[in-house]
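Have a look at the structure below before the remarks.
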Amino acid sequence: MSTKNVLRIEGELTIFRAMELKPIILAVPPVTEIDLSGVTDLDTAGVQLLMLAKKTALAQGRDLTLIGHSPAVIEVFELLNVAAYFGDHLVMDSRTKAATPRS
């Protein structure tokens, strides 16, 4: 039986926080889900950190799922066209600005 280890990120996921979050994201036991619903700002350093986390998980033969994409995360993922890298299938509801998984 596997146990979920969820990391919920609140506030900015920018260059200023990337170094602080890197050891947490790469810690043992490993994070299995990263909840991005509280992210208010995301820059390329934050995206690089998420990509490193995904790459590390794949190299270790384990899953890492990003959940709860905030509007700030969706905007950057769409701008950089990186959702597929994470295996994320996002649909933007223009009325509510909410992300929902695509089936």
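As the structure is a prediction and not an experimental result, all values here were calculated from the model. Side chains included, hydrogens not; waters and symmetry mates left out as well; all remaining heavy atoms used. This chain uses plain numbering: 1 for the first residue, then up along the sequence.
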Using the test side chain to side chain contact (heavy atoms under 4.5 Å, CB included), find all partners of A57 that sit at least two apart in sequence or belong to another chain.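 For A57 the side chain to side chain contact (heavy atoms under 4.5 Å, CB included) partners, ignoring immediate neighbours, are R62, L64.
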
Run the side chain to side chain contact (heavy atoms under 4.5 Å, CB included) test against F16 and tell me which residues pass, sequence neighbours left out.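 For F16 the side chain to side chain contact (heavy atoms under 4.5 Å, CB included) partners, ignoring immediate neighbours, are T14.
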
Strictly under 6.0 Å, is that where the ring centroids of F77 and Y85 end up?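 Judged by ring-centre distance (under 6.0 Å), F77 and Y85 do not meet the cut-off.
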
With clusters defined by side-chain heavy atoms of hydrophobic residues (ILVMFWY) lying less than 4.5 Å apart, directly or transitively, does L66 cluster with M51?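 Yes, one cluster joins them.
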
Are L80 and L42 joined in one hydrophobic group, where the rule is that I, L, V, M, F, W and Y side chains link up if heavy atoms are under 4.5 Å apart?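 Cluster IDs for L80 and L42 match.
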
A side-chain contact here means heavy atoms from C-beta on lying under 4.5 Å apart; do V47 and V76 qualify?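 Contact flag for V47/V76 side chains = yes.
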
Identify all side-chain donor-acceptor contacts of residues 33-41 below 3.5 Å with residues at least two apart in sequence or on another chain.
residue, atom, partner, partner atom, Å
E33, OE2, K4, NZ, 3.3
D35, OD1, S37, N, 2.8
D35, OD1, S37, OG, 2.7
D35, OD2, R8, NH1, 3.3
S37, OG, R8, NH1, 2.2
T40, OG1, G11, O, 3.4

Which donor-acceptor pairs under 3.5 Å do side chains of residues 17-28 form with protein atoms, sequence neighbours excluded?
residue, atom, partner, partner atom, Å
R17, NH1, E10, O, 2.6
R17, NH1, E12, O, 3.0

Suppose the criterion is side chain to side chain donor-acceptor pair (under 3.5 Å): which pairs have a residue in residues 43-57, not counting sequence neighbours?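 Found none.
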
Are more than 12 heavy atoms from other residues, nucleotides or ligands located less than 6.0 Å from atom CG of N5?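 Counting neighbours around CG of N5, more than 12 heavy atoms of other residues, nucleotides or ligands fall under 6.0 Å, so yes.
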
Check whether more than 12 heavy atoms from other residues, nucleotides or ligands sit under 6.0 Å from atom CD1 of I67, and answer yes or no. yes

